[in-house]
Amino acid sequence: KTTFILSLAEQILKNGFSVGIVKSSSHKEVLTDTPGKDTWKFRELGISYTALLQKNILTLYVNLSSLTENEVFHLLNSIFWKEDVVLVEGLKELDRIKKLWVLKDENPEEVKLKNLEGFLTDQKEKYQSLYPDKKFFSLKVPEEVFNWIKQEIKKALEENTKQHHLLQQQSKLASMGEMIGAIAHQWRQPLNEISTGIQNLKYDFKDGNLNDEEYVKNFQIQTKIANLLKDYQILKSGERRCQELRAESEKAISEKLYSL
């Protein structure tokens with residue numbers, strides 16, 4: 001595995017990408033620290049994060065027993081945030097990492113891992129013929145994995161661009177909603193005054209003091225304007241599509257609701 005990762009990392013670097021490497025070990029004791037050293041004393045005290053900063057190198061000791069799987073994933077992201085690609089040897093228990101399994105003599109159907117993308121083998125043709133629905137890469141040709149990585153990077157960039165555009169659109173709608181909310185606020189006071197006057201006219205009409213049906217029409221107009229304001233408030237909260245509200249606004253304008 002280490003030999004293949006070295007060849008793959010060299011291929012990635014040659015193509016202008018930056019790469020980071022995580023090497024996991026089954027040994028429980030820290031191999032780079034010894035009893036009696038300052039960093040060892042700090043860790044023995046129970047310090048979760050200890051770093052040794054030298055002139056050209058930083059060594060970070062982290063007590064992983066207190067971290068969840070999600071926290072370990074974010075920790076690695078925070079360390080390798082500048083790198084285009086991070087190659088991890090081991091850590092098969094970390095579900096969020098995409099994985100390639102190195103086949104020896106086992107049956108690929110028996111390998112059960114989350115985010116398993118394919119298999120590495122020196123018998124690619126044999127396995128591909130036996131399991132045509134699975135993805136296999138040759139251990140002798142690291143370019144195959146590199147090309148797959150490039151495709152994954154491209155898909156990730158496209159998804160990030162899509163999310164960026166979506167966030168931009170949401171930001172525009174939020175700004176428009178704030179503007180509409182401010183307009184609606186400015187409209188409400190004169191509308192309340194108009195509403196009070198029309199309510200009085202309505203009662204006068206019911207009492208027989210008025211017989212001009214235009215007053216009733218005006219009352220209906222004021223009601224429609226108030227409802228339209230409610231629709232704009234709904235738009236602000238994102239509960240209706242812009243196209244529906246625009247159609248109702250155009251209809252309202254066509255009926256000269258703003259003649260007041």
Side-chain angles (χ1 to χ4, degrees), residues 1-13 15 17-33 39-40 42-43 46-52 57-122 124 127 131 133-139 141-160 162-163:
K1 290 187 290 187
T2 302
T3 302
F4 179 82
I5 286 178
L6 284 170
S7 300
L8 179 57
E10 183 179 9
Q11 185 76 25
I12 293 171
L13 291 171
N15 282 270
F17 293 96
S18 60
V19 60
I21 296 179
V22 178
K23 167 75 176 180
S24 68
S25 172
S26 59
H27 297 281
K28 294 183 179 180
E29 297 299 324
V30 179
L31 304 180
T32 57
D33 203 7
T39 50
W40 181 86
F42 297 149
R43 292 188 302 100
I47 305 300
S48 298
Y49 293 80
T50 303
L52 175 61
I57 191 171
L58 170 67
T59 306
L60 177 65
Y61 302 98
V62 181
N63 181 3
L64 297 180
S65 63
S66 61
L67 300 181
T68 64
E69 177 185 307
N70 195 51
E71 289 172 333
V72 172
F73 179 82
H74 287 295
L75 174 64
L76 293 176
N77 269 338
S78 67
I79 295 173
F80 294 99
W81 66 273
K82 288 185 66 176
E83 308 303 330
D84 298 315
V85 180
V86 179
L87 304 177
V88 180
E89 182 180 343
L91 287 183
K92 60 180 181 291
E93 67 277 4
L94 205 57
D95 293 339
R96 297 182 65 176
I97 295 178
K98 292 187 176 183
K99 303 175 184 66
L100 297 178
W101 183 264
V102 179
L103 283 174
K104 295 178 181 177
D105 295 320
E106 68 264 54
N107 182 349
E109 299 284 359
E110 297 175 356
V111 181
K112 305 297 182 183
L113 291 174
K114 289 187 177 180
N115 261 339
L116 180 61
E117 297 287 331
F119 300 89
L120 288 164
T121 175
D122 54 6
K124 177 184 174 181
Y127 280 105
Y131 307 96
D133 59 326
K134 298 189 180 298
K135 189 182 299 181
F136 296 92
F137 302 94
S138 174
L139 277 168
V141 189
E143 291 84 357
E144 290 183 359
V145 175
F146 173 66
N147 289 333
W148 171 74
I149 289 175
K150 283 198 299 183
Q151 292 176 0
E152 292 297 306
I153 292 176
K154 182 180 178 182
K155 286 193 294 186
L157 289 174
E158 289 174 350
E159 181 61 26
N160 286 342
K162 182 180 177 181
Q163 291 295 328

Interatomic spacing from CZ in Phe119 to CH2 in Trp101 - rounded to 0.5 Å = 9.0 Å

Separation between CG (Leu8) and CG (Leu13), nearest 0.5 Å, reads 9.5 Å

Dump the intermediate steps for salt bridge (charged side-chain N to carboxylate O under 4.0 Å, His left out) on Glu152 and Lys155, then the final yes or no.
-> CA-CA 5 Å; Glu152 292 297 306; Lys155 286 193 294 186; 3.1 Å; yes

Minimal non-hydrogen separation, Glu144 against Phe137, with atom names = OE1-CA, 3.4 Å

How far does CG of Leu116 sit from CD1 of Ile97, to the nearest 0.5 angstrom?
-> 13.0 Å

Considering non-hydrogen atoms only, spot the tightest contact between Pro142 and Phe4 and give its length.
-> CA-CE1, 3.8 Å

Lys99 side chain vs Arg96 backbone, donor-acceptor pair below 3.5 Å = no

When rounded to the nearest 0.5 Å, the distance separating NZ of Lys124 from CG of Leu103 is 13.0 Å

Under 3.5 Å donor-acceptor pairs involving side-chain atoms of residues 86-95, not counting sequence neighbours:
residue	atom	partner	partner atom	Å
Glu89	OE1	Thr2	OG1	3.1
Glu89	OE1	Lys23	NZ	3.4
Glu89	OE2	Thr2	OG1	3.2
Glu89	OE2	Lys23	NZ	2.8

Of all heavy-atom pairs between Tyr127 and Lys104, which one has the smallest distance, and what is that distance?
-> OH-O, 3.5 Å

Does a sphere of radius 6.0 Å around NZ in Lys114 hold more than 12 heavy atoms from other residues, nucleotides or ligands, not counting ones at 6.0 Å or beyond?
-> no

If you take all heavy atoms of Phe42 and Ile47, which pair is closest and at what distance?
-> O-CG1, 3.1 Å

Can you measure from CD (Glu117) to CD1 (Ile149) and round to the nearest 0.5 angstrom?
-> 11.0 Å

Nearest heavy-atom approach of Leu60 to Ala51 is CD1-CB, 4.1 Å

Determine whether the side chains of Asp84 and Ser18 contain a donor N or O and an acceptor N or O closer than 3.5 Å.
-> yes

Nearest heavy-atom neighbours spanning Glu106 and Val111 | CG-CG2, 4.2 Å

Could you give the distance from CG (Leu75) to CZ (Phe80), rounded to the nearest 0.5 Å?
-> 9.0 Å

Can you name the residues that form a side-chain contact (heavy atoms from CB on, under 4.5 Å) with Asp133, not counting sequence neighbours?
-> Tyr131

